[in-house]
Amino acid sequence: MESQLQQAQPFRQYPPDPTAASPTSSPSASPRRRHRGVLRYPLVRQLLRFTGVGVVCTVSSLALYAFLRPWIGPQPANAAALILTSLMNTALNRRLTFKITERHRMKRDHLNGLIVIAVALLITGGSLGILHWINPDATVADELWTTTLSGFLATAVRFTMLRHWIFRRARHR
C-alpha cells in the first residue's frame, strides 16, 4: 500500500526550490532569479552588462578608427567609427543591459542613442583636437590612447544618460 502511495504522488522537494518552475505555471514563464551579494542590486548587474557591451563596442570602434584613419584623417575616422558603432551599442544595451525586448519605442531609443553618441563624439573629438593642438605630430598610437582614455569619460556619461534618460523605464531590471 505504501509503495502505491509513493508512486501516485510525485516527489516534492522541501523546502521548495525558489528557482524551479511551479507545476501550475506555463512552460514559457520563468521564475524570478534571486541574486546574492552585490549582484542583488540592479545597478551592479547593469554596470557589469554595460561593461561587456562597452568592451565589444570599443574594440569595434578602435578597429574601425585604425582602418579608416589613413584614408580620411583622425577627426572623420573618429566620427565614422562612433556613428557606425552607435546603433550596435544602443541595440546591445537596450537588449542586454536594460533587458528591453519589446519593439515599442525602439526608433525613439535609437534616435536618443544618437544624441548620446553625439555627446561622446564631442568628448572624444575634443580630446583629439586638444592632442593635435598640443602635439601636431601625434602618431596613430597617441590618437588611439587619447580616444581610449577620453572614451572612459564618454562611457560614464553614456551610461548615466542611458540609465536615467533613454531607458529609465527599465532602471530596476
Side-chain angles (χ1 to χ4, degrees), residues 30 33 35 37-173:
S30 63
R33 185 180 222 175
H35 297 283
V38 296
L39 290 179
R40 71 177 176 258
Y41 301 108
L43 175 63
V44 173
R45 293 192 308 272
Q46 288 173 351
L47 281 170
L48 289 172
R49 294 187 301 251
F50 183 81
T51 301
V53 169
V55 167
V56 169
C57 291
T58 299
V59 169
S60 300
S61 183
L62 290 174
L64 281 168
Y65 176 84
F67 177 74
L68 295 172
R69 195 237 182 251
W71 288 290
I72 62 176
Q75 290 288 3
N78 181 52
L82 277 173
I83 291 167
L84 289 173
T85 57
S86 70
L87 289 174
M88 176 178 71
N89 184 285
T90 302
L92 288 174
N93 277 311
R94 187 177 200 277
R95 174 73 174 114
L96 301 176
T97 303
F98 297 101
K99 303 288 187 184
I100 298 173
T101 57
E102 72 271 1
R103 298 180 67 82
H104 179 67
R105 293 196 259 187
M106 186 167 63
K107 287 181 186 177
R108 183 171 34 166
D109 289 344
H110 281 287
L111 288 173
N112 290 339
L114 289 174
I115 294 170
V116 172
I117 293 302
V119 172
L121 184 59
L122 286 172
I123 293 169
T124 58
S127 68
L128 277 175
I130 291 170
L131 172 69
H132 285 285
W133 179 60
I134 293 170
N135 181 8
D137 299 323
T139 65
V140 174
D142 294 335
E143 293 168 354
L144 287 172
W145 275 110
T146 301
T147 56
T148 300
L149 293 176
S150 63
F152 290 140
L153 173 62
T155 298
V157 170
R158 182 182 300 146
F159 180 78
T160 302
M161 289 179 77
L162 288 174
R163 187 168 199 267
H164 294 286
W165 175 44
I166 298 174
F167 302 129
R168 69 181 169 269
R169 65 190 182 273
R171 268 201 313 231
H172 302 291
R173 292 184 185 180

Nearest heavy-atom approach of Tyr65 to Asn78 is CD1-N, 3.5 Å
Next item on the list: Could you tell me whether the side chain of Arg49 and the main chain of Leu96 form a donor-acceptor pair under 3.5 Å?
Entry: yes
query: Given the rule in the side-chain contact (heavy atoms from CB on, under 4.5 Å) test, do Ile100 and Arg95 qualify, once you have shown the distances and angles that lead to the verdict?
result: CA-CA 5 Å; Ile100 298 173; Arg95 174 73 174 114; over 6 Å; no
Closest heavy-atom pair, Leu64 versus Ala81, reported as atoms and distance to 0.1 Å, is CB-CB, 3.9 Å
So CZ of Arg45 and OG1 of Thr97: to nearest 0.5 Å the spacing works out to 12.5 Å
On a heavy-atom basis, the closest approach of Thr146 and Leu128 is CG2-N, 4.2 Å
CG (Asn112) and OG1 (Thr90) are apart, to the nearest 0.5 Å, by 9.0 Å
Of all heavy-atom pairs linking Ala91 and His110, the shortest is N-CE1, 3.6 Å
Acceptor/donor pairs from residues 116-123 side chains to any protein atom, 3.5 angstrom cut, sequence neighbours excluded:
none

The ring-ring contact (aromatic ring centres under 6.0 Å, His included) partners of Phe152 (sequence neighbours excluded) come to none
Assess the residue pair Leu39 and Val44 against the criterion (side-chain contact (heavy atoms from CB on, under 4.5 Å)); give the C-alpha distance rounded to whole Å, side-chain angles, the decisive distance to 0.1 Å, and a yes or no.
CA-CA 6 Å; Leu39 290 179; Val44 173; 4.2 Å; yes
Between Thr147 and Thr124, the two heavy atoms sitting closest are O-CG2, 4.1 Å
Note: Glu143 and Ala138 closest approach over all heavy atoms is OE2-O, 4.1 Å
*Are any non-hydrogen side-chain atoms of Phe159 and Leu43 less than 4.5 angstrom apart?*
yes
Donor-acceptor pair, Gln75 side chain versus Gly125 backbone, under 3.5 Å? yes
Hey, is the main chain of Thr139 close enough, under 3.5 Å, to the side chain of Asp142 for a donor-acceptor pair? yes
Contacts satisfying ring pair (Phe, Tyr, Trp, His ring centres under 6.0 Å) that involve residues 67-87 (not counting sequence neighbours) are Phe67-Trp71
Has the side chain of Ser61 got a donor or acceptor atom that lies under 3.5 Å from a matching backbone atom of Thr58?
-> no
The reported gap from SG in Cys57 to CG in Leu92 (rounded to nearest 0.5 angstrom) is 5.5 Å
A side-chain contact here means heavy atoms from C-beta on lying under 4.5 Å apart; do Leu131 and Trp145 qualify?
no
Counting distance only, does the side-chain N/O of Asn89 pair as donor-acceptor with the main-chain N or O of Thr85 below 3.5 Å? no
